[in-house]
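Heads up: numbering here begins at 1 and tracks the sequence.
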Amino acid sequence: QVQVVESGGGLVQVGGSLRLSCAASGGTFSRVVVGWFRQAPGTERDFVAAISWGEQTYYAMSVKTRFTIWRDNAKNIVHMQLNSLKPEDTAVYYCAAEPSTFSHTLYVNENQYTNWGQGTQVTVSS
């Protein structure tokens, strides 16, 4: 089983940037799909981005041109750079991890992940 811990959240002004990190332990991180989800108050948890262990990436349309996800398997960590932040990006951001057999596998549904972090708050002020 893979344990994940998020870090890097905070308060930023509109148009600012943040870098979130997802550090993993246990399991074989180099064979794990990692996804980011977010949940704003009163809403459901939504998919943001995912990266396969073969480093294919997939983004939600709302963040595709502003967020970038990448991984460092040597350090068991996945980063996500958040640029041009908007008030609607305000949410708790969760990292999730799931082993996969194939290098190109990407999971975009939260039900496909069994290992979750506690979340990190991102607040974008206008």
Side-chain angles (χ1 to χ4, degrees):
Q1 188 165 352
V2 179
Q3 291 81 42
V4 293
V5 177
E6 306 94 337
S7 62
L11 174 64
V12 65
Q13 291 186 330
V14 169
S17 298
L18 284 173
R19 179 174 296 181
L20 305 183
S21 298
C22 175
S25 60
T28 304
F29 182 74
S30 60
R31 295 294 184 266
V32 167
V33 180
V34 175
W36 283 96
F37 292 77
R38 66 187 181 186
Q39 187 170 22
T43 70
E44 296 183 347
R45 188 156 55 184
D46 292 329
F47 170 78
V48 177
I51 185 166
S52 71
W53 57 262
E55 301 191 46
Q56 287 84 7
T57 59
Y58 186 77
Y59 299 90
M61 286 299 295
S62 60
V63 308
K64 189 173 183 178
T65 61
R66 302 183 294 121
F67 293 5
T68 303
I69 188 172
W70 73 100
R71 65 193 298 156
D72 184 342
N73 285 339
K75 297 181 179 179
N76 287 2
I77 196 164
V78 167
H79 300 289
M80 186 167 68
Q81 180 71 29
L82 287 57
N83 294 331
S84 302
L85 283 162
K86 306 174 181 180
E88 51 264 42
D89 294 317
T90 295
V92 177
Y93 283 70
Y94 296 92
C95 175
E98 187 67 23
S100 70
T101 301
F102 303 108
S103 64
H104 58 271
T105 297
L106 286 164
Y107 300 128
V108 300
N109 189 312
E110 63 175 326
N111 294 327
Q112 296 174 300
Y113 293 90
T114 57
N115 306 288
W116 290 84
Q118 294 300 306
T120 185
Q121 176 71 45
V122 171
T123 302
V124 184
S125 64
S126 57

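Criterion: ILVMFWY side-chain heavy atoms under 4.5 Å apart, direct or through other members. Under it, V124 and V48 are part of a common hydrophobic cluster. F47 and V122 are not part of a single hydrophobic cluster, where members link through side-chain heavy atoms under 4.5 Å apart. One hydrophobic cluster, built from ILVMFWY side chains closer than 4.5 Å, cannot hold both Y107 and V2; they sit in different ones. V108 and V63 are not part of a single hydrophobic cluster, where members link through side-chain heavy atoms under 4.5 Å apart. By the criterion of side-chain heavy atoms lying less than 4.5 angstrom apart, applied directly or through intervening Ile, Leu, Val, Met, Phe, Trp or Tyr residues, V92 is not grouped with V12; the two fall into different hydrophobic clusters.
Crowding of Q13 atom CD: a count of heavy atoms from other residues, nucleotides or ligands under 6.0 Å not exceeding 12.
In this structure, CD in E98 is found 10.5 Å from CH2 in W116, a value given to the nearest 0.5 Å. From L18, atom CG reaches atom CG of L85 across 5.5 Å, with rounding to the nearest 0.5 Å. Rounding to the nearest 0.5 Å gives a distance of 8.0 Å between OG of S25 and CG of N76. Within the model, atoms CG of N83 and OG1 of T65 stand 9.5 Å from one another, a figure rounded to the nearest 0.5 Å. Between the CD atom of E88 and the OG atom of S62 there is a distance of 8.5 Å, given to the nearest 0.5 Å. Taking OG1 of T57 as the reference point, atom NZ of K64 lies at 9.0 Å (rounded to 0.5 Å).
Both the sub-6.0 Å distance and the 45° axial angle are not jointly satisfied by R31 relative to the ring of F102.
In terms of heavy atoms, A49 sits closest to M80 at CB-SD, 4.0 Å. What you find for Q1 and N115 is that their closest heavy atoms are CG-OD1, 3.0 Å. Across all non-hydrogen atoms, the minimal contact from S84 to S17 is N-OG, 4.3 Å. Nearest heavy atoms, P87 versus S126: CG-CB, 4.2 Å. Closest heavy-atom contact between S103 and S52: O-OG, 2.9 Å.
Of the options D72, V4, V34, a side chain to side chain contact (heavy atoms under 4.5 Å, CB included) to F29 is made by V34 and by none of the others.
Applying the salt bridge (Lys or Arg N to Asp or Glu O under 4.0 Å) test to every pair with at least one member in residues 7-19, sequence neighbours left out, gives no pairs at all. Within the structure, salt bridge (Lys or Arg N to Asp or Glu O under 4.0 Å) contacts touching residues 36-57 (residues at least two apart or in different chains) are R38-D89, R45-E110.
Relative ring orientation between F37 and Y113 is described as perpendicular, the plane-to-plane angle rising above 60° on a 0-90° scale split at 30° and 60°. Between H79 and W70, the ring planes are tilted. Angles from 30° to 60° get that label.
Considering only heavy atoms from C-beta on, W36 comes within 4.5 Å of Y93 through its side chain. Counting heavy atoms from C-beta on, the side chains of I51 and V78 come closer than 4.5 Å. Side chains of R66 and K86 form a contact here, defined as non-hydrogen atoms less than 4.5 Å apart. Residues S125 and V14 have side chains not in contact (no heavy-atom distance under 4.5 Å, counting atoms from C-beta outward). When side chains are defined from C-beta on, T28 does not count as touching W53, because their heavy atoms never get closer than 4.5 Å.
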S100/V33 under side-chain contact (heavy atoms from CB on, under 4.5 Å): CA gap, chis, key distance, verdict: CA-CA 6 Å; S100 70; V33 180; 3.4 Å; yes

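Residues passing the side-chain hydrogen bond (donor to acceptor under 3.5 Å, both in side chains) test with Q121 are T123, sequence neighbours excluded.
Under the 3.5 Å distance criterion, with hydrogens and angles disregarded, no donor-acceptor pair is assigned to the side chains of E6 and S21.
Checked by atom type and distance alone, the side chain of Y59 pairs as donor or acceptor with a backbone atom of I69 at under 3.5 Å.
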